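For reference, the structure discussed in these notes is given below.
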Amino acid sequence: MRIDLNGQTIETQARTLADLLTEQGFESPCVATAVDGDFIARPLRSGTPLSDGVKVEVLSPMQGG
Amino acid sequence: MFYGVDLTSRLMLGTAQYPSPQVLLEAIEASGAEVITVSLRREGAAGGAFRDLLAKSRCRLLPNTAGCHTVREAVTTARMAREVFGTSWIKLEVIGHADTLQPDPFALVEAARVLCAEGFDVFPYTTEDLIVGEKLLEAGCKVLMPWGAPIGSGQGLRNLAGLRTMRAHFPDVPLVVDAGIGAPSQAAQAMELGFDAVLLNTAVAKAIDPVGMARAFGRAIQAGREGHQAGLMPERDMASASTPVFGLAELA
């Protein structure tokens, strides 16, 4: 299916958010996730299914003011 | 003082826009800051290096919601930040205008209410408006962060009288001047007015020598604080000779 990951349209085999992180090579403990604008806590990732066209954000600690 | 945390240094330092991670680390050290602000972004090439730097710095982290324009964006960002950074502290920014970066006070209060109810320790980036300040306190905030001037502008304390009024109106609330500070003297001025701390970023990061500027700000903030505690003399319209007139020679 096609989803939107951090603003890019990608093709993925992943069925859940947890699978997507593994597939895309994110270091799971170092990122925070949101699906369609809602925060998805770490323990809920494996129970969060992905569907076609869903918008996923995977964010990391960065510099800020 | 800040949600039960007492700080030795009254400077909170931003971590963005430094010429290199090494300069950032040295600037944090030189400033004496015990609190640094951080953000959440889509990971770029330098993400791993920044995580290593955070681990080295020993500072308490204050994640921000920079760039958020709606309650929903800010609340989601705060929840994500709490998980990744492992702190309930959040610098809540809900931006109302892209040019001035001034806060949207209505959305700010609403977001603060949601986050305080979820147990966040909210540091709201606000204006010097007293009623907005009161609404933020009612929402559960225990710190207020009025702007000195628009973010990154370096204009200093643009509404001195307004900030003075705010200090007088909230005598027991920790107040942090956040944003718009361009020079150590401006930070000292905020501290002389009785503000509890100053949060700044660009003035240090964009200095020719960020490490030297970080040190200068640390000292200015300390000096301003000590000046406030020692009690400033009242201003006068007229001159008043400091050398005694008594004993003055007649030489005319």
Side-chain angles (χ1 to χ4, degrees), chain A, chain B residues 12-18 21 24 36-55 61-68 70 72-73 75-86 91 93 101 118 125 151-152 178-179 181 199-206:
Chain A
M1 82 185 116
R2 289 164 84 81
I3 64 155
D4 185 309
L5 173 62
N6 286 353
Q8 307 272 328
T9 304
I10 63 155
E11 188 71 38
T12 179
Q13 306 302 318
R15 293 286 154 215
T16 69
L17 182 56
D19 292 345
L20 179 72
L21 295 183
T22 308
E23 180 196 88
Q24 297 295 318
F26 286 103
E27 291 176 60
S28 187
C30 305
V31 296
T33 48
V35 173
D36 285 337
D38 287 325
F39 168 56
I40 305 295
R42 213 170 277 151
L44 303 179
R45 288 173 189 163
S46 56
T48 302
L50 301 178
S51 55
D52 210 40
V54 79
K55 288 178 66 140
V56 179
E57 290 285 347
V58 180
L59 304 185
S60 305
M62 296 299 256
Q63 296 86 339
Chain B
M12 300 180 181
L13 191 63
T15 56
Q17 307 183 80
Y18 290 79
L24 166 59
I36 54 174
T37 56
V38 290
S39 75
L40 273 182
R41 289 289 179 266
R42 294 167 176 171
E43 182 155 324
F50 187 63
R51 282 201 300 277
D52 296 343
L53 187 148
L54 292 183
L61 301 181
L62 177 55
N64 68 27
T65 63
C68 292
T70 65
R72 185 158 189 249
E73 287 171 318
V75 167
T76 297
T77 303
R79 290 170 179 160
M80 294 171 90
R82 179 159 66 177
E83 183 182 73
V84 152
F85 293 110
K91 174 181 160 179
E93 292 182 39
L101 298 181
E118 292 182 15
Y125 163 63
I151 295 172
D178 174 15
I181 298 291
L199 197 165
L200 57 96
N201 188 155
T202 310
V204 168
K206 293 296 185 188

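A quick note: this is a predicted structure, and the numbers were derived from the prediction, not measured. These values consider heavy atoms only, across backbone and side chains, with no hydrogens, waters or symmetry-generated copies. Chain A is the first sequence line, chain B the second, and so forth, proteins listed ahead of strands; every chain is numbered from 1.
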Dump the intermediate steps for side-chain contact (heavy atoms from CB on, under 4.5 Å) on A:Q63 and B:Y18, then the final yes or no.
CA-CA 9 Å; A:Q63 296 86 339; B:Y18 290 79; over 6 Å; no
Please evaluate residues B:R41 and A:E57 with respect to the criterion side-chain contact (heavy atoms from CB on, under 4.5 Å), reporting the C-alpha separation (whole Å), side-chain torsions for both, the decisive distance (0.1 Å), and the verdict.
CA-CA 9 Å; B:R41 289 289 179 266; A:E57 290 285 347; over 6 Å; no
Step-by-step side-chain contact (heavy atoms from CB on, under 4.5 Å) determination, B:R42 to A:V58:
CA-CA 6 Å; B:R42 294 167 176 171; A:V58 180; over 6 Å; no
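Ranked by heavy-atom pairs shorter than 4.5 Å toward chain A, the options B:K91, B:E83, B:E73 are led by B:E83. Considering only heavy-atom pairs separated by less than 4.5 Å from chain A, the leading option among B:N201, B:L200, B:V84 is B:V84. Among B:N64, B:L24, B:V75, the residue with the largest count of heavy-atom pairs under 4.5 Å with chain A is B:N64. Residue with the most contacts toward chain A among B:G14, B:G152, B:P21, B:S39: B:S39 (heavy-atom pairs, distance under 4.5 Å).
Residues satisfying the salt bridge (Lys or Arg N to Asp or Glu O under 4.0 Å) criterion with B:R82, sequence neighbours excluded, are absent altogether.
For residues 29-37 of chain A, a heavy-atom distance under 4.5 Å to chain B picks out A:C30, A:V31, A:A32, A:T33, A:A34, A:D36, A:G37, given by residue number.
A salt bridge between B:R72 and A:D38 is present, with a side-chain N of the basic residue lying under 4.0 Å from a carboxylate O of the acidic one.
Counting heavy atoms from C-beta outward, A:P61 and B:V38 have side chains that stay 4.5 Å or more apart.
The neighbour count for A:Q13 CD, taken as heavy atoms of other residues, nucleotides or ligands under 6.0 Å away, does not exceed 12. Heavy-atom contacts from other residues, nucleotides or ligands closer than 6.0 Å to CD of A:E27 number 12 or fewer.
Only the side chain of B:E93 comes within contact range of chain A, judged by heavy atoms closer than 4.5 Å. Heavy-atom distances place the side chain of B:L54, and not its backbone, under 4.5 Å from chain A.
Nearest heavy atom pair, residue A:G65 against residue B:A16, reads N-CB, 4.3 Å.
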